[in-house]
Participant: 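Mind looking over this structure? Questions follow.
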Amino acid sequence: MKIYILGAGSIGSLFGALLSKIGEDVTLIGREKHVNAINNNGLRVVGVEEFTVYPKAVTEVPPEPPDLIILATKSYSTAYALECAKESIGEDTWILSIQNGLGNEDEALKYTKNVLGGITTNGAALERWGVVRWAGKGITIIGNYPLGKGEFAERVAVLFKKAGLEAKVSENIVGWKWAKAIVNSAINPIGAIMEAKNGYILENEHLLALAMEVVKEGCQIATQRGIEFEVHPMNLLLETLERTRDNYNSMLQDIKRGKRTEIDFINGKIIEYGKDMGLKTPLNFALWSLVKAKESQTK
Ligand SMILES: NC(=O)C1=CN([C@@H]2O[C@H](COP(=O)(O)OP(=O)(O)OC[C@H]3O[C@@H](n4cnc5c(N)ncnc54)[C@H](OP(=O)(O)O)[C@@H]3O)[C@@H](O)[C@H]2O)C=CC1
Ligand SMILES: CC(C)(CO)C(=O)C(=O)O
């Protein structure tokens, strides 16, 4: 399958490397330093598995339409990245988002109806240009967005499994995207504000109580929108905290690097959807405000 990874950073490079390893025709589209390192020395994966592959790597989207574009930028870069890719989205091209947050697939739907939603709990971090650490093995769930299973989603899941990813197709990918966003809406800002590992939220009764209330608030908004969950976000919260005890969450990592966070696409979206229905989301608003303040402190 001809696959473009749009936004070859941490998670995109991991998926690209795994798919390249099984012989798929992968092109990574990323920033110059990473692309140069891959072209000079290959793309190295360390951690859960250790190997080097030699996929194509470029800074601009090639003109030929691929079968699949895996969208792996941060959510705030999605709209611009898709605009850069629009000439390469053919009639038969599918776009799959493996990003956190809400709204990325809706951006992709502006360009094609062939959209797959996805969530992944794999952990990846760029160790240095050309080297990605597979920090933790997780699951990946994909499905036609907004609804249905679909033949192409099944084909992609087969490829992912062949590549060594634990993957499955869901007919309710919107439910999964919301469940993950609600879990992120609790863990990420609390961990970022406290500058603590995810495990500390489990250990500290005040933080755990707050995280659970934030999840309840998110669930109220989701339920009002008619979202149904395959796994309840409260269970997903506890399971995620347990499984990622040693992680500094991605929002905290962004804050530490002085980078923009995805708060607008996680808590910000929950606040926005609440407003549309005349519902207040005071906990999400408080966390959003604190993270925004922290973001501006580090700029
Ligand atoms: N890392 C992880 O373990 C996981 C991440 N996710 C989600 O996946 C998404 C990506 O995360 P992550 O990989 O960590 O992020 P990264 O910032 O590591 O990777 C994104 C990369 O895409 C680049 N980029 C952005 N726009 C373009 C463009 N138009 N053309 C080429 N390159 C571009 C970015 O460059 P620049 O920084 O210069 O903009 C960056 O190098 C997020 O939504 C995240 O929440 C989900 C699960 C796990
Ligand atoms: C699962 C979790 C909370 C892991 O830290 C994550 O998605 C993130 O950090 O963004």
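All values below were derived from every heavy atom in this structure, side-chain atoms included, with hydrogens, water molecules and symmetry-related copies excluded. Keep in mind that what you see is a predicted model, and the values were worked out from it rather than measured. Counting starts at 1 for both ligands and their atoms, following the listed order.
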Participant: Report yes if Ser10 has an N/O atom closer than 3.5 Å to an N/O atom of ligand 1; otherwise report no.
Facilitator: yes
Participant: For ligand 1, which atoms sit closer than 4.0 Å to a heavy atom of Lys259?
Facilitator: 17 (O), 37 (O)
Participant: Do Arg245 and Glu203 sit within salt-bridge range, that is, some charged N less than 4.0 Å from a carboxylate O?
Facilitator: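 Yes.
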Participant: Starting from atom 9 (C) of ligand 1, locate the nearest protein heavy atom and write down its residue, its atom name and how far away it is, to 0.1 Å.
Facilitator: Thr73 O, 3.4 Å
Participant: With respect to Arg31, determine whether any N or O atom, backbone or side chain, lies less than 3.5 Å from an N or O atom of ligand 1.
Facilitator: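 Yes, at least one N or O pair falls under 3.5 Å.
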Participant: Which ligand 1 atoms does Thr120 reach within 4.0 Å, using its non-hydrogen atoms?
Facilitator: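 Checking each atom against Thr120, I get 47 (C).
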Participant: Note the single closest protein heavy atom to atom 40 (C) of ligand 1, along with its residue, its atom name and the distance in Å.
Facilitator: Gly9 CA, 4.3 Å
Participant: What residue pairs, at least two apart or across chains, pass salt bridge (charged side-chain N to carboxylate O under 4.0 Å, His left out) with a residue in residues 217-229?
Facilitator: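 Found none.
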Participant: With heavy atoms only and a cut-off of under 4.0 Å, state how Ser250 meets ligand 1: side chain, backbone, both or neither.
Facilitator: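 Within the 4.0 Å criterion, Ser250 makes no contact with ligand 1.
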Participant: Once ring pair (Phe, Tyr, Trp, His ring centres under 6.0 Å) is applied, what residue pairs with a partner in residues 221-247 remain, sequence neighbours excluded?
Facilitator: Phe229-His232
Participant: So do the side chains of Asn188 and Ser250 get within less than 4.5 Å of each other, counting heavy atoms only?
Facilitator: yes
Participant: Heavy atom under 4.0 Å from ligand 1: found in Asn104's side chain, backbone, both, or neither?
Facilitator: neither
Participant: Check the surroundings of atom NZ in Lys256: do more than 12 heavy atoms from other residues, nucleotides or ligands lie under 6.0 Å from it?
Facilitator: yes
Participant: Starting from atom 10 (C) of ligand 1, what is the nearest protein heavy atom, named by residue and atom, and what distance separates them?
Facilitator: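 Checked against all protein heavy atoms, atom 10 (C) of ligand 1 sits closest to Ala72 O, 3.2 Å.
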Participant: Pick out the protein N or O atoms lying less than 3.5 Å from any N or O of ligand 2, and list each pair with its distance.
Facilitator:
| from | atom 1 | to | atom 2 | distance (Å) |
| --- | --- | --- | --- | --- |
| ligand 2 | 5 (O) | Asn198 | ND2 | 3.0 |
| ligand 2 | 5 (O) | Asn247 | ND2 | 3.3 |
| ligand 2 | 7 (O) | Asn184 | ND2 | 3.0 |
| ligand 2 | 9 (O) | Ser250 | N | 2.8 |
| ligand 2 | 10 (O) | Asn188 | ND2 | 3.1 |
| ligand 2 | 10 (O) | Ser250 | OG | 2.6 |

Participant: So, do Ile173 and Leu116 sit near enough that their side-chain heavy atoms are less than 4.5 Å apart?
Facilitator: no
Participant: Heavy atoms only: which of Ile11, Leu6, Asn122 lies closest to atom 13 (O) of ligand 1?
Facilitator: Ile11
Participant: For ligand 1, which is the ligand I care about here, please tell me if Ala81 has any N or O atom under 3.5 Å from one of the ligand's N or O atoms.
Facilitator: no
Participant: Should you measure from each heavy atom of Gly123, which atoms of ligand 1 turn up under 4.0 Å away?
Facilitator: 3 (O)
Participant: Tell me whether Arg128 at atom CZ has more than 12 heavy atoms from other residues, nucleotides or ligands lying less than 6.0 Å away.
Facilitator: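 No, because the 6.0 Å sphere around CZ of Arg128 holds 12 heavy atoms or fewer from other groups.
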Participant: I'd like to know whether OH of Tyr111 has more than 12 heavy-atom contacts from other residues, nucleotides or ligands below 6.0 angstrom.
Facilitator: yes
Participant: Quick check: do Lys294 and Gln297 have side-chain heavy atoms less than 4.5 Å from each other?
Facilitator: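 Yes, close enough: below the 4.5 Å cut-off.
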Participant: Of all the heavy-atom pairs spanning Leu165 and Leu18, show the shortest one and how long it is.
Facilitator: CD2-CD1, 3.7 Å
Participant: May I have all residue pairs that pass salt bridge (charged side-chain N to carboxylate O under 4.0 Å, His left out) and include part of residues 276-288, sequence neighbours excluded?
Facilitator: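 Output for this query is empty, none listed.
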Participant: What I want to know is whether Tyr80 and ligand 1 share at least one N or O pair that is separated by under 3.5 angstrom.
Facilitator: no
Participant: Which label fits Phe160 and Phe15: parallel for a plane angle under 30°, tilted from 30 to 60°, or perpendicular past 60°?
Facilitator: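 Phe160 and Phe15: perpendicular rings.
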Participant: For Ala124 and ligand 1, does the shortest N/O to N/O distance drop below 3.5 Å?
Facilitator: yes
Participant: Hey, is Asp254 close enough to Lys74 for a salt bridge, meaning N to O under 4.0 Å?
Facilitator: yes
Participant: So which bit of Glu262 gets within less than 4.0 Å of ligand 1, heavy atoms only: side chain, backbone, both or neither?
Facilitator: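 Answer for Glu262: side chain.
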